[in-house]
Colleague: 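Take this structure, written in structure tokens, and hold onto it; I'll ask about it next.
Computed from heavy atoms alone, side chains included, the values below leave out hydrogens, waters and symmetry copies. For clarity, every value in this text was computed on a predicted model and none was experimentally measured.
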Amino acid sequence: QVQLVESGGGLVQTGGSLRLSCAASVRTFDMYAMGWFRQAPGKEREFVASIGWSGSNTRQSDSVKGRFTISRDNVKKTVYLQMNDLKPEDTAVYYCAADRGPLLRAPGAGHDYWGQGTQVTVSS
């Protein structure tokens, strides 16, 4: 029903920047809240940021607040994650998620859709 494809991952140095993109193949993109999660080796998947279906109501985890910015373009049906001042602890596979509704709910609480992930590696 909802296909998500992430792109933009890669290798960057500490302090560098990277922008991730998530292209959604769905008719009613503006009826889905979107979000980003990440999972580092040996760790559980954690929430990074989310954005409401209108582009308002953005939220970021404490670990990335002030450094990462989530945005969306409902015409292009794309969600972005601008990552600045990257740190080695940001190294992980980043996943795009969609949840039908105005706000992103916790994984498993709603009808979640996931992308395949894109690797982000921050070297020191």
Side-chain angles (χ1 to χ4, degrees):
Q1 184 178 345
V2 181
Q3 303 294 320
L4 304 173
V5 180
E6 302 98 332
S7 63
L11 174 64
V12 297
Q13 294 183 322
T14 298
S17 298
L18 205 61
R19 188 179 77 160
L20 304 183
S21 298
C22 174
S25 296
V26 61
R27 292 182 180 179
T28 55
F29 180 71
D30 59 354
M31 295 185 70
Y32 289 81
M34 304 295 294
W36 289 94
F37 293 77
R38 67 186 182 186
Q39 186 168 24
K43 297 183 179 180
E44 63 182 12
R45 188 172 299 184
E46 67 171 338
F47 169 79
V48 176
S50 66
I51 187 168
W53 62 8
S54 68
S56 301
N57 302 111
T58 58
R59 177 172 173 263
Q60 305 82 37
S61 67
D62 291 339
S63 63
V64 306
K65 193 172 185 178
R67 299 187 298 119
F68 291 10
T69 301
I70 187 171
S71 62
R72 67 188 293 164
D73 187 328
N74 284 357
V75 175
K76 296 181 178 180
K77 297 182 179 180
T78 302
V79 176
Y80 306 95
L81 184 67
Q82 179 65 49
M83 305 183 292
N84 298 324
D85 191 23
L86 284 162
K87 304 175 181 179
E89 50 263 45
D90 294 319
T91 295
V93 175
Y94 284 70
Y95 297 91
C96 178
D99 187 10
R100 196 174 190 279
L103 300 173
L104 192 76
R105 295 169 290 181
H111 300 287
D112 299 326
Y113 298 92
W114 299 88
Q116 294 177 294
T118 184
Q119 177 71 48
V120 172
T121 303
V122 184
S123 64
S124 59

Colleague: To the nearest 0.5 Å, tell me how far S61 OG sits from W36 CH2.
Modeller: 14.0 Å

Colleague: If you look at every heavy atom in T91 and A40, which pair is closest and at what distance?
Modeller: O-CB, 3.7 Å

Colleague: Any idea which heavy atoms bring V64 and V48 closest together, and the distance?
Modeller: CG2-O, 3.6 Å

Colleague: Going through the checks in order, is the side-chain contact (heavy atoms from CB on, under 4.5 Å) test met by W114 and R45?
Modeller: CA-CA 12 Å; W114 299 88; R45 188 172 299 184; 3.3 Å; yes

Colleague: Do L18 and I51 share a hydrophobic cluster, counting only Ile, Leu, Val, Met, Phe, Trp and Tyr and linking them when any side-chain heavy atoms are less than 4.5 Å apart?
Modeller: yes

Colleague: Does any N or O in the side chain of T118 come within less than 3.5 Å of the main-chain N or O of Y94, such that one atom is a donor and the other an acceptor?
Modeller: no

Colleague: Measure the spacing between CG of L86 and OG1 of T121 and express it to the nearest 0.5 Å.
Modeller: 10.5 Å

Colleague: Are the charged groups of R105 and D99 less than 4.0 angstrom apart, N to O?
Modeller: yes

Colleague: Report yes or no: does N74 contribute a side-chain atom to a donor-acceptor pair with the main-chain N or O of W53 at less than 3.5 Å?
Modeller: yes

Colleague: Rounded to the nearest 0.5 Å, how far apart are CZ of R72 and CG of D30?
Modeller: 7.5 Å

Colleague: Give a yes or no on whether I70 and Y32 share a hydrophobic cluster (residues Ile, Leu, Val, Met, Phe, Trp, Tyr; joining criterion: side-chain heavy atoms under 4.5 Å apart).
Modeller: yes

Colleague: What's the separation between atom CG in D90 and atom CZ in F68, rounded to the nearest 0.5 Å?
Modeller: 4.0 Å

Colleague: Could you grab the distance from atom CD of E6 to atom CD of Q119, nearest 0.5 Å is fine?
Modeller: 12.0 Å

Colleague: Is there a side-chain contact between E46 and R38 (heavy atoms, below 4.5 Å)?
Modeller: yes

Colleague: Is there a path of hydrophobic side-chain contacts, each under 4.5 Å between heavy atoms of I/L/V/M/F/W/Y residues, joining V2 to Y80?
Modeller: no

Colleague: Can you confirm whether Y95 sits close enough to L4 that some side-chain heavy atom of one is under 4.5 Å from a side-chain heavy atom of the other?
Modeller: no

Colleague: Report yes if some heavy atom in the side chain of F29 is under 4.5 Å from a heavy atom in the side chain of V79; otherwise report no.
Modeller: yes

Colleague: Taking CD in Q116 as the centre, count heavy atoms belonging to other residues, nucleotides or ligands within less than 6.0 Å. Is the count above 12?
Modeller: no

Colleague: Indicate yes or no for a side-chain donor-acceptor contact from S50 to the backbone of M34 under 3.5 Å, with no hydrogens or angles considered.
Modeller: no

Colleague: Which heavy atom in T78 sits nearest to a heavy atom in S21, and how many Å separate them?
Modeller: CG2-CB, 4.3 Å

Colleague: Determine whether L20 and Y113 fall in the same hydrophobic cluster, where Ile, Leu, Val, Met, Phe, Trp and Tyr are linked whenever their side-chain heavy atoms lie under 4.5 Å apart.
Modeller: yes

Colleague: S17 versus V12: any side-chain heavy-atom pair under 4.5 Å?
Modeller: no

Colleague: Check for a donor-acceptor pair, side chain of Q82 on one end and backbone N or O of R19 on the other, with a separation under 3.5 Å.
Modeller: no

Colleague: Does E89 have more than 12 heavy atoms from other residues, nucleotides or ligands lying within 6.0 Å of its CD?
Modeller: yes

